[in-house]
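This report concerns only the one structure given below.
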Amino acid sequence: MDNILQGLNAAQRTAVESPASVVQVLAPPGSGKTKTLTARVAHLIAHRQLQPWNIIVCTFTVKAASEMKERIKSFVGEDLAKQLKLGTFHSVALRYLKHYGQHIGLPKDFGIADTSDSKAILKRIIKKLGMSIEPGQALGRISSRKAKGEVDSKPGKGPKSVDQQEFLRLFEEYEATLAASNLLDYDDLLLRCRFLLKSHPQCVSNVEAVLIDEFQDTNNIQYELMGLFAQQYNRITIVGDPDQSIYGFRSAEIKNLSRMKKQWPDTITINLEENYRSSGAILHAAQNIIEQDESRPPKRLQATHTFGLRPVLRKLPTAYAEAEWLVSEIKRMRALSGNSIQLSDFAVLLRSAALSRAIETALGNTGIPYRMVGGQRFYDRAEVKLVVDYLRVIHQPENSEAVERVVNDPSRSVGDTSIRKLREEAERKGVSLWSVILDISQGRCTTDMKLNEATRKGLASFVNVILSGRKKMESWSTEPPSVTALINVVSQKIGLEAHLRRKHSGDETFEARWSNVEELMAQATEITASGKLNELVESQRLPQVEGLDQTTESAEDVLSVFLANIALTASAEKKAEEDGEKIQQVTISTIHAAKGLEWPVVFIPACYDGSIPHSRADDHDEERRLLYVGMTRAQALLYLSCPIKNTQREETTISAFLTHQGAGRYFDEHGPSLPSSAVASLCTTLRRECPTEACFLETRKTVDSDEDNHWPLNGEEVFAESNRWDSGATGNALPGFGTARHIPTVQASTLHQKQVYSTASATMQAGFTSVKDRYDNLMEQAQLRKVDKRAEEKKSAEEAPKGRKRLMDGQGTITGMFAKKQRPSTEPSAPSQPSFKSARPLQPMSASASNTHPGPLPAARPPLPTHKPRSAPLTRKPSKQTDENDATGDRYMFLSSSPQKGDDEPPPAKNDEAEDQEEANDVVPAFRPASTLHTTSMSSATTTRKTLGVRRSLQGWSARKS
DNA sequence: ACGAAACGGTTTTTT
DNA sequence: ACCGTTTCGT
């Protein structure tokens with residue numbers, strides 16, 4: 001407990017120990033935000049004698065919540081940590097509603113409507129009312145209304161537009177439908193909780209401190225909730241960073257920062273300014289981007305690392321070329337580093353999940369394992385959802401949404417028309433859909449509806465399934481509850497396995513789908529496992545407060561707990577380690593989902609207008625911040641890239657954020673060279689064994705080229721040159737380490753005049769299909785086609801892109817299903833993991849102490865890179881090292897060197913202006929002992945593993961057994 | 001008339 | 001993978 005302050009810098013300590021009751025910590029990326037917040041929690045418990053169960057900590061994501069819990073554990077131990085009231089706003093709100101909902105007339109055992117429920121409801125109402133609004137849009141409008149808290153007040157003044165009136169009508173119907181199905185949507189959880197805490201302040205009379213993570217993401221309701229949680233003692237600590245506000249679309253209000261200062265005038269603000277994550281070069285670039293927002297108050301952000309390698313901004317012909325380039329860079333980095341950069345060190349961050357397709361294909365074709373986070377979520381998978389929806393009906397038959405979704409799946413001859421009739425009947429009688437169906441199946445139907453005999457039969461079999469499930473559940477009063485058994489009942493009754501097999505006979509996804517079902521059962525088993533349930537109920541319990549009754553959960557509520565957690569966790573994360581070793585896979589993630597995480601190497605593809613900023617985004621400042629957040633996830637190397645044609649083969653414009661004024665000067669046009677000296681320093685700083693020279697030789701052979709030189713720098717198609725496709729065959733074997741030959745090739749019309757391309761390529765290994773090989777192959781075929789075409793009609797060169805696209809489609813790699821894509825037949829390496837189960841992003845690398853030290857380091861900060869038309873990649877002086885003993889977990893940086901390969905000799909000065917030339921052949925490893933507790937999620941996780949030996953992957957309700 | 005299968009076009013971000 | 005539309009089959 002006394003190590004709480006260890007490894008904190010002055011500003012962080014101030015924040016942790018501050019006696020002020022209301023504290024704002026403004027913390028830019030990588031500055032130790034979470035570390036500070038967790039240390040403060042520990043401090044409150046250890047030194048201010050607060051009881052953990054009287055402390056509320058709110059985060060925005062489940063992942064952030066479990067990470068925080070892990071960290072606090074390492075400070076105060078598991079026993080105390082698990083008593084904290086820690087979770088997402090929604091889960092904390094749910095907890096209060098479960099316990100005290102009775103006092104505000106909330107029916108007990110309400111369900112949670114997820115987005116698809118809400119959309120389905122809206123869609124139906126829209127159709128019924130003959131409106132034209134899109135369900136998604138309507139939901140957004142409703143949600144933002146709710147989030148702003150305008151829901152109770154109905155200012156009836158002023159004539160409303162027709163549109164407004166229509167919307168209000170829709171809103172009302174939507175609310176009525178939710179109520180009829182006994183459902184609360186996400187916003188309702190917060191709204192009702194606010195109402196509860198306003199009307200029954202006793203609920204939170206015990207709360208001594210409230211801490212909020214990522215405060216810039218709070219919306220009005222969450223802000224009010226924060227104040228309500230803290231209403232007894234007004235002790236609040238928040239951490240946040242306005243620059244990282246990327247949830248405006250969810251009604252986050254940056255203004256809440258100033259609102260808070262106004263509401264609690266004695267608020268003190270502490271600024272963290274030192275970045276412990278990224279190299280100076282990355283930070284400079286990111287800083288330049290964020291500063292384009294002129295309305296933003298200037299803020300200091302201090303690099304503590306050396307300058308390192310410049311970020312890359314790479315142009316490529318198409319999204320497919322971009323994906324292949326990305327893969328080739330991963331391979332190149334790995335090979336040139338003697339495999340000391342691992343697959344788990346790479347992340348690909350995307351503006352939208354849909355962009356992953358080309359990249360998944362390219363990775364799959366190369367056999368590089370990856371996993372996608374933040375895209376399709378486990379519980380959204382059709383087959384999982386199906387089972388879950390059956391459980392929802394069993395748990396809560398009045399949930400007509402769920403009933404409607406499963407009544408005809410598997411097909412029971414109950415089509416849209418029949419459902420509509422049933423629904424109308426239910427409305428007429430004022431009862432639930434389920435009770436109408438039940439009546440019909442039991443021959444108790446008073447009104448004679450014209451239903452097919454087949455339909456009647458189908459309804460009967462549906463009722464049978466549900467009743468069997470309910471019977472099973474009733475048995476739980478006498479025997480231990482098992483959700484797994486319940487799932488089994490459902491699965492048997494509906495013949496799930498056969499159903500899935502039939503449904504997916506064409507697409508070979510059955511295996512993956514069935515294994516998803518099995519995974520769901522495994523998770524159900526976990527929650528039901530002996531002890532787990534009690535533990536869970538225990539951790540959810542709220543302290544008794546005087547004069548207010550609580551509803552307590554009992555064994556019969558297992559299903560309820562299980563379902564609520566599914567609704568609030570969204571993604572079941574798989575463990576990221578196997579036998580203490582990280583699973584080696586590349587992470588693909590949306591930028592949103594990557595917030596708070598970091599990786600040694602980060603790619604941000606598709607940096608074009610329409611993607612970032614997104615075409616449907618109206619707040620470009622937020623889009624800019626999004627890019628900033630993405631960029632600042634990178635520790636050592638950052639790649640941005642842009643296909644000059646998008647997936648629809650339209651020309652793209654590179655993102656305005658990257659062309660703004662002199663933004664270009666922060667980037668290199670191609671991936672960096674990696675001479676052995678850089679690798680050596682890299683390995684030392686990564687605390688990975690430096691590969692032997694023999695190893696280098698081995699691994700270097702596996703890439704086609706030592707340099708990022710396969711695609712022209714201006715993004716043009718490669719087809720322009722006719723001499724290109726045989727270069728692979730004539731490539732020379734690498735004569736010796738670092739002495740690859742340069743074969744200058746003149747590129748067709750590059751923007752820069754003196755492009756020198758090294759086409760030195762290593763010998764291909766038999767059976768190894770390299771990107772280049774494949775590419776050359778494609779080109780050859782494309783050329784052939786072209787010739788053919790030319791024979792019949794007189795068309796020429798412009799067709800090349802089309803030809804290529806068609807070829808790629810023809811391979812079946814673009815349109816195939818995931819499972820297919822990932823298990824390509826011609827694999828040089830291990831097949832990738834199915835991406836159906838999304839998983840917790842890996843924690844990239846070790847950050848533990850090193851006992852070597854490179855010696856005295858220059859104190860000066862490097863100058864900003866100056867603009868050069870085309871610079872030889874610059875070598876940078878190591879930047880100022882911050883005080884050695886803050887030791888807050890610096891890791892490494894590798895200093896770039898010149899693009900020349902002969903790293904034994906000083907690289908020739910290509911460019912007279914190359915600054916810092918005197919250092920050009922120097923690679924200075926700069927590292928310091930890292931603390932045991934680090935600012936960032938990644939290193940903390942690593943550290944946790946180091947100290948505990950076992951890293952638990954905790955996710956909301958299910959902790960894995962170690 | 002109704003339901004199922006086959007096809008074609010599209011996808012912001014999250015609790 | 002999802003959604004709406006069209007077509008085919010009872």
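Everything numeric in this text was worked out from a predicted model, so none of it was measured. Per chain, numbering begins at 1; letters A, B, ... match sequence-line order.
Rounded to a whole Å, the CD atom of A/Glu453 is 15 Å from the C1' atom of B/dC2. Between the C1' atom of B/dT14 and the CG atom of A/Asp185 lies a distance of 14 Å, rounded to the nearest Å. Straight-line distance from the CZ atom of A/Phe60 to the P atom of B/dT14: 14 Å, rounded to whole Å. Remark: P of C/dG4 and CD1 of A/Ile126 are 11 Å apart, rounded to the nearest angstrom. What separates CG of A/Leu355 from P of B/dT10 is a distance of 16 Å, to the nearest Å. In this entry the distance linking CZ of A/Arg625 with P of B/dT13 reads 18 Å, nearest Å. For the pair A/Leu386 CG and C/dC2 P, the interatomic distance rounds to 11 Å; values are reported in whole Å. Per the geometry, NZ belonging to A/Lys385 stands 12 Å off C1' belonging to C/dC2, to the nearest Å.
Taking 4.5 Å as the limit, every side-chain heavy atom of A/Phe249 sits out of range of all side-chain heavy atoms of A/Asp619. Within the 4.5 Å cutoff, no side-chain heavy atoms of A/Ile588 are placed close to those of A/Arg371.
A/Asn219 has no side-chain polar atom (N or O) that falls below the 4.0 Å cut-off from OP1 or OP2 of B/dT15. Residue A/Ser91 places none of its side-chain N or O atoms closer than 4.0 Å to OP1 or OP2 of B/dT15. Within the structure, a side-chain polar atom (N or O) of A/Thr590 is placed less than 4.0 Å from OP1 or OP2 of B/dT14. Residue A/Lys146 places no side-chain N or O under 4.0 Å from the OP1 or OP2 atom of B/dT15. Taking only side-chain nitrogens and oxygens, A/Ser411 comes nearer than 4.0 Å to OP1 or OP2 of B/dA4. Phosphate proximity of B/dG3 to A/Arg420: absent, as no side-chain N or O sits under 4.0 Å from OP1 or OP2. One finds no side-chain N or O of A/Thr455 lying less than 4.0 angstrom from the OP1 or OP2 phosphate oxygen of B/dC2.
Both A/Val414 and A/Glu623 lie near DNA chain B, and the one whose nearest nucleotide falls closer to the 5' end is A/Val414. In terms of position on DNA chain B, the residue among A/Phe89 and A/Asn408 whose nearest nucleotide sits closer to the 5' end is A/Asn408.
In this structure, B/dT10 forms a base pair with C/dA1, meeting either the Watson-Crick or the G-U wobble geometry with both donor-acceptor distances under 3.5 Å.
Closest to the A/Ser418 side chain, of the nucleotides B/dT11, B/dC2, B/dT14, is B/dC2. Relative to the side chain of A/Ser413, the nucleotides C/dG4, B/dT14, B/dA4 differ in distance, and B/dA4 lies closest. Residue A/Thr417 places its side chain closer to B/dG3 than to any other of B/dG3, B/dT14, C/dA1. Of the candidates C/dA1, B/dT15, B/dT13, B/dT15 carries the atom nearest the A/Thr115 side chain, counting heavy atoms from C-beta on. Between B/dT13, B/dT11, B/dT14, one nucleotide has an atom nearer to the side chain of A/Tyr247 than all others, and that is B/dT14.
A salt bridge does not link A/Glu360 with A/Arg357: none of the charged nitrogens is closer than 4.0 Å to a carboxylate oxygen. Between A/Asp409 and A/Lys385 no salt bridge is recorded (no basic side-chain N to carboxylate O distance below 4.0 Å). Salt-bridge check for A/Lys33 with A/Glu214: passed, with a basic side-chain N closer than 4.0 Å to an acidic carboxylate O.
The aromatic ring of A/Phe249 sits over the base of B/dT13, with ring centres less than 5.5 Å apart and planes inclined by under 30°.
Within 4.0 Å of A/Lys123, counting heavy atoms only, lie sugar-phosphate atoms of the nucleic acid but no base atom. Note on A/Thr61: only backbone sugar-phosphate atoms sit closer than 4.0 angstrom, heavy atoms only; bases stay farther off.
Separating the CD atom in A/Glu175 from the CD1 atom in A/Ile121 is a distance of 9.5 Å, to the nearest 0.5 Å.
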